[in-house]
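The chains referred to below are lettered A, B, ... by the order of the sequence lines, with proteins before strands, and numbering in each begins at 1.
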Protein chains: 2
Amino acid sequence: MPLPGNPNFMAGVPELVVLRLLRDREMYGYEIVQAIREQSGEVLSVGEGVIYPVLHALEKDGALKSRRKTVGGRSRVYYTVTPKGLKRFEVLAGDWSTLAAAIRAVLNGGQHVPAV
Amino acid sequence: MPLPGNPNFMAGVPELVVLRLLRDREMYGYEIVQAIREQSGEVLSVGEGVIYPVLHALEKDGALKSRRKTVGGRSRVYYTVTPKGLKRFEVLAGDWSTLAAAIRAVLNGGQHVPAV
DNA sequence: GTCTATACCTTGGACCGCGAGGTATGTCGC
DNA sequence: GCGACATACCTCGCGGTCCAAGGTATAGAC
């Protein structure tokens with residue numbers, strides 16, 4: 001949360017990314033890990049040790065719902081975004097946008113960049 | 001360091017910002033804290049508890065040089081960027097750029113954004 | 001003489017990310 | 001049938017960053 005007294009202003013990106021991916025379609029953890037790697041052009045490598053805890057926390061908070069599904073003999077846990085999760089995504093996305101703009105502003109020498 | 005095996009990929013923003021400000025002109029710690037707040041449009045609030053340790057670490061690494069100066073009866077520690085520090089800034093700035101682009105790519109649905 | 005602003009600094013803990021490790025099952029080659 | 005590899009889930013504990021809180025000291029205002 002960048003705006004008012006921001007504790008740990010850089011955190012929460014994994015969460016944001018997870019919510020973004022699940023907004024499009026139902027996915028399972030292992031798949032998410034690879035999707036992040038792919039879609040970021042191999043730049044972001046957010047491992048399973050990050051993703052699974054994030055998924056559990058989001059579900060506990062009611063931002064995600066899960067259901068087991070067996071595909072080709074493999075048991076998977078698929079996640080979907082709840083309305084609460086969608087709202088959370090929008091907040092986080094806005095925060096990120098604000099933050100990135102602020103950093104860019106400083107890098108550009110203090111000229112206020114009018115949002116992207 | 002976003003690219004190869006990235007430990008703590010989101011970190012280092014305070015350092016990056018400090019180097020950016022000092023690249024323009026000599027500044028002292030207290031001044032830097034306020035400059036960040038201002039230039040970021042009050043979004044970034046990186047307190048003294050962050051800045052001073054960063055300045056000390058950068059100086060210890062030879063990225064900055066300091067000199068005491070008394071202005072109007074007030075003793076200040078002014079910092080300037082060394083060539084090593086400049087190089088470090090360029091690396092960090094590039095890393096940040098890459099990272100921000102990667103996150104934006106994911107937020108945009110996996111279409112590779114051709115750098116900004 | 002007290003209060004506010006300036007200016008420096010350190011410490012403790014909180015939090016997050018992450019590697020490393022652990023379990024289990026399916027598939028492919030030999 | 002057996003080993004190696006990919007899939008798929010999970011947790012623990014370390015480590016690094018950030019940050020609030022607190023501490024010192026001087027200058028200027030009222």
Heavy-atom neighbours of A:K87 NZ exceed 12 at 6.0 Å = no

Give the B/S/- string for nucleotides 25-30 of chain D, one per nucleotide from 5' to 3', where a protein heavy atom under 4.0 Å of the base yields B, of only the sugar-phosphate yields S, and otherwise -.
-> -BB---

When the distance from [atom1] of [X] to [atom2] of [N] is rounded to whole Å, what number comes out?
X     : N      : atom1 : atom2 : value
B:R37 : D:dC19 : CZ    : P     : 11 Å
B:M27 : C:dA7  : CE    : C1'   : 14 Å
A:Y78 : D:dT7  : OH    : P     : 13 Å
A:R68 : C:dA24 : CZ    : C1'   : 12 Å
B:I51 : C:dA7  : CD1   : P     : 15 Å
B:Y52 : C:dC8  : OH    : P     : 4 Å
A:K69 : D:dC9  : NZ    : P     : 12 Å

Among [options], the nucleotide that comes nearest once only the side chain of [X] is considered:
X     : options               : value
B:V50 : D:dC19, C:dC8, C:dG17 : D:dC19
B:R76 : D:dT17, C:dA7, C:dG17 : C:dA7
A:Y79 : C:dA7, D:dT17, D:dC10 : D:dC10
A:P53 : D:dT11, C:dG17, C:dT6 : D:dT11
A:Y30 : D:dC9, C:dC9, D:dC10  : D:dC9
A:V77 : D:dC9, D:dC18, C:dC8  : D:dC9

Would B:K84 and B:D61 satisfy salt bridge (Lys or Arg N to Asp or Glu O under 4.0 Å), going step by step from the backbone distance to the final call?
-> CA-CA 9 Å; B:K84 192 173 174 186; B:D61 284 10; over 6 Å; no

Pairwise side-chain contact, B:V81 with B:L58, heavy-atom cut-off 4.5 Å (strictly under) | no

Within a strict 4.5 Å, meaning less than it, do heavy atoms of the A:E59 and A:Y79 side chains meet?
-> yes

For A:R74, side-chain contact (heavy atoms from CB on, under 4.5 Å) partners two or more places apart | none

Who are the side-chain contact (heavy atoms from CB on, under 4.5 Å) partners of B:A57, not counting sequence neighbours?
-> none

All pairs passing ring-ring contact (aromatic ring centres under 6.0 Å, His included) where residues 12-37 of chain B contributes a residue, at least two apart | B:Y28-B:Y78

Using heavy atoms to find the nearest nucleotide of DNA chain C for B:Q34 and A:G49 separately, return the residue whose nucleotide is more 5′.
-> B:Q34

Has A:Y28 got a side-chain N or O lying under 4.0 Å from the OP1 or OP2 atom of D:dC9?
-> no

Does any donor-acceptor pair link the side chain of B:E48 with the base of C:dC8 at a separation under 3.5 Å?
-> yes

Please work out which residues in residues 54-67 of chain A have a non-hydrogen atom less than 4.0 Å from an atom of DNA chain D and list them by number.
-> A:H56

Sub-3.5 Å donor-acceptor pair from the side chain of B:T82 to the main-chain atoms of B:G62, do we have one?
-> yes

Under 3.5 Å, is there a donor-acceptor pair between the B:T80 and B:E26 side chains?
-> no

Who pairs with B:R76 by salt bridge (Lys or Arg N to Asp or Glu O under 4.0 Å), at least two apart in sequence or on another chain?
-> none

